[in-house]
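Everything on this sheet refers to the single structure shown next.
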Protein chains: 2
Amino acid sequence: MQSDASNIRQVAAIAGVSIATVSRTLQHPELVKAETREKVLAAVRQTNFVSNAQARTFRQQATKAVIVLVRDIGNPFYLEIYKGIDEVAREAGFRVLLSDARDDDAQVQQHIEMVRQKQADGLILMVGHFPAELTEKIDQLPPLVIASEAFPGLDLPTVKVDNAQASRQAIAYLVNEGHRRIVHLAGPLPEQLALERLEGYRAGLREAGISYNDKLVVPGDYSIEAGRSAVRRLREADTEFSAIFAASDQMAIGAISELRRLGQKVPEDISVVGFDDIILADAMDPPLTTIRQPRREIGRQAMSMMIARLSGETARTVVELPTELVPRESVRRARPLDS
Amino acid sequence: MQSDASNIRQVAAIAGVSIATVSRTLQHPELVKAETREKVLAAVRQTNFVSNAQARTFRQQATKAVIVLVRDIGNPFYLEIYKGIDEVAREAGFRVLLSDARDDDAQVQQHIEMVRQKQADGLILMVGHFPAELTEKIDQLPPLVIASEAFPGLDLPTVKVDNAQASRQAIAYLVNEGHRRIVHLAGPLPEQLALERLEGYRAGLREAGISYNDKLVVPGDYSIEAGRSAVRRLREADTEFSAIFAASDQMAIGAISELRRLGQKVPEDISVVGFDDIILADAMDPPLTTIRQPRREIGRQAMSMMIARLSGETARTVVELPTELVPRESVRRARPLDS
DNA sequence: ATGAAAGCGCTAACAA
DNA sequence: TTGTTAGCGCTTTCAT
């Protein structure tokens with residue numbers, strides 16, 4: 001079995017010093033005479049001693065860990081954000097624990113509970129929903145940072161992009177290519193993130209003098225499968241369109257795959273713009289035109305805000321990072337008849 | 001700030017009972033008289049008390065947490081495994097923490113350290129490398145389970161598939177479609193997992209009477225980018241081939257994308273078989289023929305083995321789960337000239 | 001430079 | 001049924 005059972009007391013006994021000295025040797029070696037230090041370190045080696053982190057963090061009342069709760073761990077979009085978080089966390093000596101909220105609304109509650117129970121110092125949220133019953137208790141909440149999402153009326157530190165603006169840009173791009181019947185594969189309405197992108201879609205249409213048609217808006221959960229079934233529904237309703245603006249690359253990919261199955265080619269028949277610029281976007285056939293989010297940076301900023309919050313700063317800021325439209329090959333000029 | 005600072009003592013004071021009774025009410029309510037229980041629960045509500053998990057696990061000497069260390073958190077393949085792990089972990093009251101080893105070999109060490117420090121009860125490894133210096137100390141290691149990978153000469157509980165057999169099947173399939181010049185996009189050699197798949201590739205060729213040509217084997221790290229650059233290298237060397245067998249779907253996807261860029265069509269010009277059957281495989285153009293691994297089940301088994309190990313069972317087993325070749329549209333009969 | 005001792009918040013054995 | 005009490009392993013005053 002394990003070489004366990006070694007604790008600070010045994011080390012102290014073997015080294016012939018007090019446990020305080022052992023602790024000191026390990027925590028603040030400079031306070032210990034070199035000679036004593038050697039004895040202690042020898043004893044540590046001999047017993048194969050590793051100090052019990054649980055006891056230490058318990059004693060110190062801080063875990064140096066942060067939980068990241070994500071809408072869907074299977075979406076590569078979040079992973080880049082996670083890596084950004086992880087980078088600055090490491091630099092600051094924090095561990096980061098990743099968790100998956102899946103469709104489970106109670107997960108936010110549960111993870112807030114975890115930090116209240118001191119399993120972690122703070123919680124970074126990338127989920128669509130915030131339990132209403134917690135909204136009022138905002139001042140009783142543990143350290144929270146929102147990344148990529150936003151909750152209306154909730155005054156919490158947030159890192160996001162200007163979704164409405166990014167969407168407007170996507171629509172302007174499609175309109176400029178001659179498209180007028182543009183479908184929007186939205187996120188799960190009425191979540192704030194989905195709403196913002198939808199609002200940008202509407203603004204884009206408005207600016208182009210195109211009237212809004214809610215038959216052209218199909219909500220989904222950002223997954224590949226959602227993209228597929230949206231196209232299926234559109235087809236069943238005989239809805240006509242020449243372009244799709246999807247609220248996630250995954251939905252765009254699903255949509256393209258389903259269009260193909262139905263005999264429609266992208267971009268020859270239908271143009272598609274995605275959102276996120278996941279790594280896959282560029283490996284698709286056709287390579288996907290999409291809105292790039294600075295994912296790494298979103299993560300880095302989120303963790304920075306968390307660290308600030310944890311060291312007592314109280315600023316409630318919303319940071320908005322820039323997006324960028326990346327033209328690839330999934331968009332083509334609309335056929336004249338359509339425009 | 002937070003509503004913290006409430007601890008078991010305050011609750012006890014308010015409820016007019018001892019702290020033991022508070023603890024009991026929370027841990028074993030059936031041992032407490034209903035009336036008392038009510039008083040306590042009222043006090044709990046009033047103080048907004050949540051018991052400090054850190055103190056509890058510290059006291060109980062078990063964290064009820066398991067760490068999952070993954071080769072590359074960005075590869076969707078692992079996420080399904082993770083979900084399988086998570087499922088059985090939850091049932092058994094364990095939390096699971098996901099961590100990314102990226103290219104960092106020291107991560108295994110570091111995470112072993114974490115469990116030695118009692119941050120978690122055990123470690124599930126899905127990485128390609130095991131630090132040599134630990135191999136000898138195998139009996140001093142904390143509870144470890146290997147999933148999807150394998151380490152030669154390391155007698156640890158392992159869940160995997162029969163990689164060699166699966167690869168042979170893929171090659172047989174391609175050979176049966178008339179292919180003879182088959183490239184293998186291997187994993188990072190000489191890792192065991194990569195080796196096993198390579199061995200299956202060779203065996204498949206052997207059975208078909210095709211001689212092995214090491215120019216047709218290009219190693220990579222399972223990523224999309226690795227698939228791309230492998231094809232680029234093949235092209236630069238003017239290597240001819242009519243089919244590719246990739247050791248991961250991601251590499252297959254990268255390869256297809258690069259082939260397209262070079263003007264070669266899949267499957268018309270080149271046939272491709274992947275490995276894993278990630279969700280994306282079916283959404284590609286063309287949908288990817290691949291080897292399906294029972295990912296969910298791999299995860300479930302791995303966690304079951306961990307739980308067994310944690311409850312003192314000592315069996316060192318290797319469980320091998322079945323794979324399945326999923327024919328889709330990325331393979332076509334080789335042109336006569338090629339065979 | 002080192003040691004003695006208090007105590008982080010909780011659980012569980014034991015006593016009442 | 002409830003209370004008293006002894007730690008879990010460590011860090012950190014405070015004394016020496």
Side-chain angles (χ1 to χ4, degrees), chain A residues 2-41 43-44 47-64 93 113-121, chain B residues 2-41 43-44 47-64 93 113-121:
Chain A
Q2 281 160 256
S3 64
D4 260 15
S6 84
N7 64 22
I8 201 173
R9 238 176 306 276
Q10 298 177 19
V11 177
I14 293 182
V17 299
S18 74
I19 62 170
T21 299
V22 176
S23 176
R24 240 176 255 130
T25 306
L26 267 18
Q27 303 301 317
H28 315 281
E30 71 282 4
L31 299 181
V32 176
K33 189 165 60 169
E35 201 180 330
T36 319
R37 197 161 41 198
E38 282 320 313
K39 273 193 302 188
V40 172
L41 291 177
V44 164
T47 52
N48 207 353
F49 171 71
V50 233
S51 91
N52 183 321
Q54 214 159 273
R56 182 180 33 226
T57 59
F58 169 49
R59 169 63 225 249
Q60 289 173 162
Q61 300 287 78
T63 58
K64 281 292 207 171
E113 210 57 5
M114 280 178 66
V115 357
R116 297 197 60 208
Q117 292 173 8
K118 298 286 165 6
Q119 316 241 62
D121 298 335
Chain B
Q2 282 161 254
S3 64
D4 260 14
S6 82
N7 65 22
I8 201 172
R9 240 177 304 278
Q10 297 176 19
V11 176
I14 292 183
V17 300
S18 74
I19 62 169
T21 299
V22 176
S23 176
R24 239 176 257 131
T25 307
L26 267 19
Q27 303 302 316
H28 314 282
E30 71 281 6
L31 299 182
V32 175
K33 190 166 60 168
E35 201 181 331
T36 320
R37 197 162 41 199
E38 281 320 312
K39 274 194 301 189
V40 172
L41 291 177
V44 165
T47 51
N48 208 353
F49 171 72
V50 235
S51 92
N52 183 321
Q54 214 158 275
R56 184 183 31 243
T57 59
F58 169 48
R59 169 62 224 245
Q60 289 173 162
Q61 299 288 80
T63 58
K64 282 291 205 171
E113 209 57 6
M114 280 178 65
V115 358
R116 294 198 64 208
Q117 292 173 8
K118 298 285 161 11
Q119 316 242 62
D121 298 334

Check each of B:Arg59, B:Gln119, B:Gln117, B:Lys118 against A:Gln54 using the side chain to side chain contact (heavy atoms under 4.5 Å, CB included) test, and report the only one that passes. B:Lys118
Go through the side-chain N and O atoms of B:Asp121 and B:Thr63 and say whether any donor and acceptor fall under 3.5 Å apart. yes
How many Å lie between CD1 on A:Ile8 and C1' on C:dG3, as a whole number? 13 Å
Counting any heavy atom closer than 4.0 Å, what does B:Ser51 reach on the DNA or RNA strands: base, sugar-phosphate only, or nothing? sugar-phosphate
Should B:Phe58 be counted as stacked on D:dC8, where stacking needs a ring-centre gap under 5.5 Å and an angle between planes under 30 degrees? yes
Could you state the interatomic distance from CZ (A:Phe58) to CG (A:Asn52), rounded to the nearest 0.5 Å? 11.0 Å
Polar atom pairs (N or O), protein with nucleotides 1-5 of chain D, under 3.5 Å:
residue, atom, partner, partner atom, Å
D:dT2, OP1, B:Thr36, OG1, 2.1
D:dT2, OP2, B:Lys33, N, 2.8
D:dT2, OP2, B:Thr36, OG1, 3.4
D:dG3, OP2, B:Ser18, N, 3.0
D:dG3, OP2, B:Ser18, OG, 3.3
D:dG3, OP2, B:Thr21, OG1, 2.6
D:dG3, N7, B:Arg24, NH2, 3.1
D:dG3, O6, B:Arg24, NH2, 2.6

Answer with base, sugar-phosphate or nothing: what part of the nucleic acid does B:Gln27 contact at a heavy-atom distance below 4.0 Å? sugar-phosphate
From CD of A:Gln60 across to P of D:dG9 the rounded distance in Å is 17 Å
Would you please confirm or rule out a distance under 4.0 Å between OP1 or OP2 of C:dC8 and any side-chain N or O of B:Arg9? yes
Whole angstroms only, please: what is the CZ-C1' distance between A:Arg116 and C:dG9? 16 Å
Closest approach of A:Asn48 to A:Ser6 (non-hydrogen atoms, all atoms of both residues): O-OG, 3.9 Å
Mind calculating the distance between CZ (B:Arg59) and P (C:dC10) to the nearest angstrom? 13 Å
B:Lys118 NZ to D:dC8 P: how many Å, rounded? 13 Å
Under 4.0 Å from OP1 or OP2 of C:dG9: is there any side-chain N or O of A:Gln61 that close? yes
Could you tell me how far apart B:Asn52 (CG) and C:dG7 (P) are, to the nearest whole angstrom? 18 Å
Are any non-hydrogen side-chain atoms of A:Thr25 and A:Thr36 less than 4.5 angstrom apart? no
Measure CG/B:Asn7 against P/C:dG7 and give the value in whole Å, please. 14 Å
When rounded to the nearest 0.5 angstrom, what is the spacing between CG in B:Asn7 and CD in B:Gln10? 4.5 Å
Between B:His28 and C:dT11, does any side-chain N or O lie under 4.0 Å from OP1 or OP2? no
Tell me the closest heavy-atom pair linking A:Ala15 and A:Val40, and the distance in Å. CB-CA, 3.9 Å
